[in-house]
Number of protein chains: 2
Amino acid sequence: MLTGTNLQYANSYNNRIILETIRLYGPLSRVGIAGRTQLTAQTVTNITKKLMKAGLVVEHSRERSGPGAPSVMLKINEKAGYSVGIDLDKDHLTCILVNFNGKIRQTKNVDLHFPSPDEAIELMVSSVFQIIKEEGVDPDLIWGVGLGLPGPLSISEQDDATRIVNPEAFPGWEDVPIVRELETRLQMPVLLENNASAAAIGEHWYGAGKLIDSFFYIYFGAGLGGGIVVDGQLYSGFSSNAGELGYFPTATFMEPGLNYAFDHLGGFFDMPRLQKKLRAQGYQVHSLNDLGKLYEKDNEVLSDWMEAGSKSLVPLILGIEYLLDPEAIFFGGRLPDAMLHALLEKLQTQLPSHRITRKIGRPRFNIASAGLEAAAMGVASLPLYSSFAPQHKLLMRDHRYTGLGM
Amino acid sequence: MLTGTNLQYANSYNNRIILETIRLYGPLSRVGIAGRTQLTAQTVTNITKKLMKAGLVVEHSRERSGPGAPSVMLKINEKAGYSVGIDLDKDHLTCILVNFNGKIRQTKNVDLHFPSPDEAIELMVSSVFQIIKEEGVDPDLIWGVGLGLPGPLSISEQDDATRIVNPEAFPGWEDVPIVRELETRLQMPVLLENNASAAAIGEHWYGAGKLIDSFFYIYFGAGLGGGIVVDGQLYSGFSSNAGELGYFPTATFMEPGLNYAFDHLGGFFDMPRLQKKLRAQGYQVHSLNDLGKLYEKDNEVLSDWMEAGSKSLVPLILGIEYLLDPEAIFFGGRLPDAMLHALLEKLQTQLPSHRITRKIGRPRFNIASAGLEAAAMGVASLPLYSSFAPQHKLLMRDHRYTGLGM
DNA sequence: TGAATAAATCAATTTGATTGATTTATAGGT
DNA sequence: ACCTATAAATCAATCAAATTGATTTATTCA
C-alpha cells in the first residue's frame, strides 16, 4: 500500500535516528550527532531535550578539544529500560535480562529434552521472574519479553491469541496460544520470532553487524536456521520463510557420488541426532559442553561430521552469494566456538573450486559476536527494537502506535 | 549512514506517492487518492495542484455517483514526457519510445551478431533519433535514455565517464565509456542498468508486478539473468550482483548421473550457442522467430534442450524459494511465448519431488507481461523511475537532487 | 423546490525544522 | 591578566507543510 507521510512521522523517524546514532556511535556531542545525521544542531538540541526528559539519554562528560565551548557528550541511559530474551529449543532454554544498551545483566540456562508446552511455560515463567529478581529491577522498567522458537513457524492470530501453527521442532505444540499464555502469566508484552531471524537482529543491534547493513546469518541451533538483514531491517519474505535453511534440499544438490542420507540441511544439522549418534558409539555427550570437549580430542566421528557438514553447506553458500549478494555472512549460534571456527575454515577451502572465478564481489565470512546467547540476545532486542529502531515504515501511515511519540 | 529527514523530504515523498497512486490506480478523484494514501483531502488538493501545474497530471472526467458533487477524476498526462529504452545484447538491439504512462509508441528491432562498440553505438544513436522523429515528439520532452546490457556488469566511474569494466557478454567492450559517448551523441541523459534488473523494474512499473511488491524475475536474454524487487524497490545486493544467475553453478548442484556439460546456468541458457547447435544439425535458425517456428514443429533437439533446461533450473528455483521467499517468480524475456509457457510447465512438474512437502508458502509462477520488449521497457522506465518513483531513501538526506522538488 | 450529501477548496492553525543572533566556555597570543 | 578567535549550544523568529474546521459547489432524491 502506498501511504503518505507527515510531520509527526518525520519527527518520529528523526527521534529514532538520533537515539540509534547515540547507541551506535556514542558518546557523542549534539554537534557530532548533527554531523552524522545531517540534521541541524538546533533540531538535535530539540530532540535530545525530549529524549533526556524521557530518560532515554543522559549526559556523559564534557570534552574540551581546542578553542570553543567544550562538547557535552551524550550517551544511552543503560538503566532506562530492560528487556528479557527467551531462547527455547528442543534441547535447551536460555533466558537473559539485558539493559537498554544491550548488555546482558543476568543469564539462566537449562538443558532440556523435547519439553511439553506445560513444562516449558512453567520453566520460562519461573526463569523470567528469577532473573528479574536477581538483578533487582523494577518490573515496570521491563519493556517486554522476546520469545525465540526454532523455525519454520507459522503464526496465526486466531481469536486474539498468537498461536504457533506449524512448530516443526516441537511435536505436541500445535495450536498452543503461547504468546497469550506467557503474557497472562508474566503481565508483560511478549513478542515471538523465529530464533535464527532473532539472532540476525541481535547481531545487527549489538554485534559486528552494527556497521554492516545487509547480511545473511546462518544460525546453528538444535537445527539450522537463517536470518536476513537488508538495509538494516529484518527481511522475512512473503510468507515469513525467507532464509528458512532447514528445508534447503541437499539431495538434489549433492555432488555426484556423495550421499549424506538426508534430503535437507536441517536433517543433517540436527544436534540431538548428532549427540544420539555419538552416544550410540559410546561417547558420553549430553550437552554442548561435552561436544566441545569431544571435539578438542580430535574425535573422528565428529570430524567426519564436520567435513560432510561443510560440504553440504557449499550449495547454500553459493546460493546466498549468487542470489542475495550480501555484504557478509555471519555464522553463529549454539556450536562450540572451536567447532564454528573449524567449520568455517573447512568451508573456505571447499568453496573456491565451486565458484566461478570471474565473479567479482564476494561476501565476507564472519563469526557472529554473540555466541551461545545469540538468539536470546536477538529476541531480547525485539521489545526495544520495535519501539526504537529507525524503520522506513514509520514514515508511512500504516504503522501501529508505539508510545513515546516514536 | 543514518540520516534524518525534514519537511521538504516528506513533501517530496508525498508528491511521488500521489503521482504513483494515480499512475497505478487512476483515474482517481482527489478524495479517492486521499483514501488510498491516508493523506488528508486538503493535502491531496495542494499536491495535485502542483502536479497539474507541472503538467504531469490532468483532469480526466467527472463522475457522478449518488448525491454530492461529482468527483473530478485525475490521470497521468501521457504526453508529459517520453523516455527511450535501448536493450542491447550480443544478438540484437531493441529500441523503444515510451510515453509517461509507459505505453510503447515506437519500436525498432535489429538482429545482431556480437557487434563492436563502434557499430553498436552508431546503430543506437541512429535508432534513437529515428524513433523520436517517427513519433514527432519534441526532443525537449525526452527525459532520458535507458540502456540495458547483459550482466554481470561492473561499472566504474573513472574520469567522470561511466565505463563497463567487466562486460562478459561483449568481448572487445572493456573500458568503453559507453554512457558518456551516448550522452554526447544524443544530448540526453543516459542511465545504464543490467537488462535483467531492468526487466524486473519494468515488470514492477508496467506489468503484473505493479500489484506485487516483492518478486524475482528470471530473464531469458542472449544469456540468463535475474532481477529482484523487494518492497517495490530494485534490490541489487552489496556488489550489485544479486540475482546474477548466469554464474549460478549447475555442476555442483546436478542430480547424480546427469551431465549438462556446463558448469553454470549461463553456459546452458546461451541463445547464440543453441542456435549454432541447431544450425550445425541442419536447421535454418537465425532469429528468435525461426526458433519459435522450429519449436512448433516439435523439434527433438529443442525439446531435449528444454527438458534439460527445466531440470537445470530446479536448484535455482528452490534456492529462490528457500532463501528469498518472494511473492512471485516472473519468467520473461526474449524466448518465444510458447517456449516460455512450455518451459514453465516442465519446471512445474519437476519441482514437487524436490520440495519438502511440509513447506508452507510458495511463490506464484507468472509469465512476465512485457514479452520481447521486457528489458527495453525496463530501461525506458529508468529515467522516469529515477525522477518519480517513491523511494524510501528520498526521505533521508543523502539523495541527489532530482528536479521538480520530487 | 429544497433537504441531504459528498467533493473540493478556503482560511486559520499547528507542528516541526530552519535561520540568524546570542550566550557560554574554551585556547592561545600578547 | 586580558583580549581575540573559535566552537558548542541555545534562544527567538521564521518558514514549510499538513491539518482542522468552515464554506462553496454540484449532485440526488423526496
Side-chain angles (χ1 to χ4, degrees), chain A residues 3-18 22 26-53 57-74 394-397 404-406, chain B residues 3-18 22 26-53 57-74 394-397 404-406:
Chain A
T3 48
T5 189
N6 67 6
L7 305 188
Q8 279 90 314
Y9 294 100
N11 179 243
S12 298
Y13 185 75
N14 285 345
N15 291 348
R16 289 182 180 222
I17 285 292
I18 287 180
I22 297 173
L28 270 177
S29 69
R30 290 172 175 82
V31 171
I33 297 169
R36 280 190 170 278
T37 56
Q38 313 232 51
L39 294 165
T40 59
Q42 184 57 52
T43 301
V44 174
T45 295
N46 296 339
I47 291 177
T48 51
K49 189 180 282 178
K50 278 198 292 181
L51 293 175
M52 291 175 75
K53 201 174 164 192
V57 165
V58 288
E59 285 193 5
H60 173 67
S61 64
R62 286 163 176 261
E63 307 248 318
R64 30 197 199 188
S65 60
S71 312
V72 179
M73 307 304 272
L74 302 177
L394 278 182
L395 287 158
M396 279 68 101
R397 316 194 80 170
L404 274 172
M406 304 184 64
Chain B
T3 47
T5 189
N6 68 5
L7 305 188
Q8 277 90 315
Y9 293 100
N11 180 242
S12 298
Y13 186 75
N14 284 347
N15 292 348
R16 290 181 178 222
I17 285 291
I18 287 181
I22 297 173
L28 270 178
S29 69
R30 290 174 175 81
V31 171
I33 297 169
R36 280 190 172 279
T37 56
Q38 312 233 53
L39 294 165
T40 59
Q42 184 58 52
T43 300
V44 174
T45 295
N46 297 339
I47 290 177
T48 52
K49 191 180 281 177
K50 278 197 293 181
L51 293 175
M52 291 175 75
K53 202 174 164 192
V57 165
V58 288
E59 285 194 5
H60 174 66
S61 63
R62 287 165 174 260
E63 306 248 317
R64 29 199 200 191
S65 61
S71 312
V72 179
M73 307 304 272
L74 303 177
L394 279 182
L395 287 159
M396 279 67 100
R397 313 193 83 171
L404 274 172
M406 303 183 61

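Chain letters run A, B, ... following the sequence lines, proteins first, then strands; residues in each count from 1.
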Worksheet entry | Euclidean distance, atom CD1 of residue I47(B) to atom P of dA16(D) [Å, nearest integer] | 16 Å
Practice prompt. Using atom CG of N14(B) as one end and atom C1' of dT19(D) as the other, report the distance to the nearest whole Å.
Written response: 13 Å
Discussion item. Once side chain to side chain donor-acceptor pair (under 3.5 Å) is applied, do any residues pair with S29(A), and if so which ones, sequence neighbours excluded?
Written reply: none
Fill in: Nucleotide dA8(D), atom C1' - distance to CD1 of I33(A) in whole Å
12 Å
Discussion item. From CG of N11(B) over to P of dG16(C), roughly how many Å is that when rounded to an integer?
Written reply: 17 Å
Discussion item. Need one value for V44(B): base, sugar-phosphate or nothing, where a base atom within 4.0 Å counts as base even if backbone is also close, heavy atoms only.
Written reply: nothing
For nucleotides 12-14 of chain C, print each protein N/O atom paired with a nucleotide N/O atom at under 3.5 Å, atom names and distance only.
none

Worksheet entry | Close side-chain approach of I33(B) and I22(B), heavy atoms under 4.5 Å | yes
Enumerate the protein-to-nucleotides 24-26 of chain D contacts in which both atoms are nitrogen or oxygen and the separation is below 3.5 Å.
residue, atom, partner, partner atom, Å
dA26(D), N3, A69(B), N, 3.2

Practice prompt. Assign T43(B) to base, sugar-phosphate, or nothing according to its heavy-atom contacts below 4.0 angstrom with the strands shown.
Written response: base
Nucleotides 10-14 of chain D: which of its N/O atoms have a protein N/O under 3.5 Å away?
residue, atom, partner, partner atom, Å
dT10(D), OP2, R30(A), NE, 3.2
dT10(D), OP2, T45(A), OG1, 3.1
dC11(D), N4, Q42(A), OE1, 2.2

Response to the item:
For E59(B), the side chain to side chain donor-acceptor pair (under 3.5 Å) test, sequence neighbours excluded, returns none
